[in-house]
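When reading the values below, keep in mind they use all heavy atoms of this one structure, side chains included, and skip hydrogens, waters and symmetry mates. Chain letters run A, B, ... following the sequence lines, proteins first, then strands; residues in each count from 1.
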There are 2 protein chains.
Amino acid sequence: MVKPPSLQDVATAAGLSPATVSRYLNGSLSLPPDTAARIDAAIEALKYQPNPYARSLSRGRSDTIGLLVPEIDNPFFARLAAAVEREADAAGLALMLYSSLNRKDRELHYLERLRRNFVDGLIFATNHVDDGDLAAAIAQSSNVVVVDEDVAGVAAPKVFSDNVAGGRLAAEHMIALGHRRLAFIGGPEGLMSSQERFSGFRDEAKRAGAGVEAAFFGPYTLDHGREALCRLLKEHPEVTGAFIASDELLFGALETMRNRSVSVGRDLGLVTFDDAGPLAFFDPPITAIRQDVGGLAREAVRALRERLGGTPDNPVCRLPVELVVRKSVHALNAASSTG
Amino acid sequence: MVKPPSLQDVATAAGLSPATVSRYLNGSLSLPPDTAARIDAAIEALKYQPNPYARSLSRGRSDTIGLLVPEIDNPFFARLAAAVEREADAAGLALMLYSSLNRKDRELHYLERLRRNFVDGLIFATNHVDDGDLAAAIAQSSNVVVVDEDVAGVAAPKVFSDNVAGGRLAAEHMIALGHRRLAFIGGPEGLMSSQERFSGFRDEAKRAGAGVEAAFFGPYTLDHGREALCRLLKEHPEVTGAFIASDELLFGALETMRNRSVSVGRDLGLVTFDDAGPLAFFDPPITAIRQDVGGLAREAVRALRERLGGTPDNPVCRLPVELVVRKSVHALNAASSTG
DNA sequence: TCATGCCAGTAAAGCGATTTACAACATCAT
DNA sequence: ATGATGTTGTAAATCGCTTTACTGGCATGA
């Protein structure tokens, strides 16, 4: 309620000038013990806390970074946000969380905020195909790290999961359980994540002599999951195992399967990607390729800090994924040949 | 990369003083059309954006509010965050999202940030029993709105769900389907949400002549859900319907049930609270009391804005909840008597 | 013609920190 | 005695914007 104490107040209380106190606090001045103690005492007595706005104005930076995600109420991005929060906090950085609702205008808006120095840097996660505007806007600001999904043509540090390996693991798993007629249900065809998850899956299937009978690309939505599974059942009844490239798509697919009394695991094996939702509690529990969300956050914050520290290059970091075997793929027969 | 234009730059370009431009932009000065046009043109040409830190320093407020939740990767709080983001944005407020990890020290830390004027106001959601420290800290700052869970003894605007009605609806539903021996699995006994959900449930059961055979209070964790269900099965085999007071607890309970091959719905009817997770995709889909997360967010932001506007009183707002009937409670027999 | 009021706009003092450049004083070697 | 070298600080400008109090100039009415 009452106006908080300023640096001036502390200085007066300690019988010093504001400059001295400031420099002492920021370590650019070392003082004899008794002087230092006087300052410490004054700070303690007044419960002084520096005003972050004055500090940011003066220093030209805010020690605040932003995280932009398409939607925070998607379990994957929620976990990512939590992990980034933790990493940022550990690095002494405050986090501003933004959600773009997957709309380009909002994404540009927040990039603009970066340009205004509202935040020192931005960790950027998008989920839709860019027409070039995003890439252009990102190119304007430095201090952007792209995470999870690529924005084509942008020179910035990038942190991704090893989607190709994820696709490969999914294929391997189903093939090891005897499945030979496979299918893929993925996100937008223009997105790196879709392409990579698909290519890893397809290549491993080919290598193992199995066939990918169908691939359904579309938005990362419930609806696309529902419809893709409808088409799969109708057009490719021979398929016994499907790799579904996100949790959201999985939920749609599950709905269709339940409506048609197609049993998960017995009639159609399912492996999904992300493993952010409570898949272990589904019936049956869903086998998934798990992204290392903590790792993504850690590397993204690390890359951003390096960038803030002046490092000019644009490394691309790939994080390993992991197959979490649950019960959604049954063995098709006794076979377990992998080659 | 290059230093962004300042108000001074705009003023120079328009042949005016900074004060004029500032006052024009803030509406405290109306100018003849041609002068205004000159300013607009200069702003456009320079792509001027006000520096938010200078602005905040000068005005003494930031038009930024904070939302503190225990953990952002809990589906309920993730949805709350998304909804608050939307509301804040609509009100021209930026949002800083914090997660306390349910730790008192971190909660106090963020309240301190409020006191420093880092944010103008704070929407505060906690999840654990307060020993008084929190209440004391909140009392220090005005401009705090308490949401979702009460902090005892705090004078602040508050926004809650109608937990009592939620308990009642759960009981009604199970009773209407013929269940007479009921149980409750809830959060910490000292928490308002637990108490209210329980009392609504118990009172309605009593009114309808059904019995609540057992109530298990404990932390809102998977573990407590698991264990409570174990005890329920062992100590009260006569119970046919349980009300589980959060999604998290539900997941634990489901695990126990699957491990013991107890069928959800057929052997034990389940109604949960929150409905934030993807319960519709579970097998069977889980019947739930749904909180109006959008409403909570809307009212919380509204209350905070009123508070920021100077309104001194501390209203408590209760939002209606809704029973979402799915398949996790079967009819016990042909009966559907409610009284 | 002179007060009056309005219009269009400005000067300058903050907001609360940081930072550069320098000052006073003591110590020490020459 | 003299300059060099530390030690312990300080004065004042600066960051970019807001806001209060004013100032000229012009039209109007008496």
J.: Under a 4.0 Å N-O cut-off, is there an ion pair linking A:E85 with B:R106?
T.: yes
J.: Confirm from the modelled atom types if B:T35 and C:dG9 form a donor-acceptor pair under 3.5 Å, side chain to base only.
T.: no
J.: Using only heavy-atom distances, determine whether the side chains of A:E71 and A:S99 contain a donor-acceptor pair under 3.5 Å.
T.: no
J.: I want to verify a distance call: between D:dG9, C:dA17, D:dC17, whose nearest atom is closest to the A:S6 side chain?
T.: C:dA17
J.: Would A:N102 and A:Y220 count as having a side-chain donor-acceptor pair, cut-off 3.5 Å?
T.: no
J.: Could you check A:Y48 against B:V21 and say which one's nearest nucleotide on DNA chain C is further toward the 5' end?
T.: B:V21
J.: Indicate the ring-plane relationship of B:Y53 and A:F118, choosing parallel, tilted or perpendicular according to the 30° and 60° boundaries.
T.: parallel
J.: Counting distance alone, no hydrogens or angles: does the base of D:dT10 have a donor or acceptor under 3.5 Å from a partner atom on the side chain of A:R23?
T.: yes
J.: Rounded to the nearest angstrom, tell me the gap between atom NZ in B:K3 and atom C1' in D:dG16.
T.: 9 Å
J.: Grab the OH-C1' distance between A:Y24 and C:dT18 for me, whole Å please.
T.: 17 Å
J.: I want to verify a distance call: between C:dT10, D:dG9, D:dC17, whose nearest atom is closest to the A:L31 side chain?
T.: D:dG9
J.: B:R61 has an atom CZ; how far is it from atom P of D:dC17, in whole Å?
T.: 16 Å
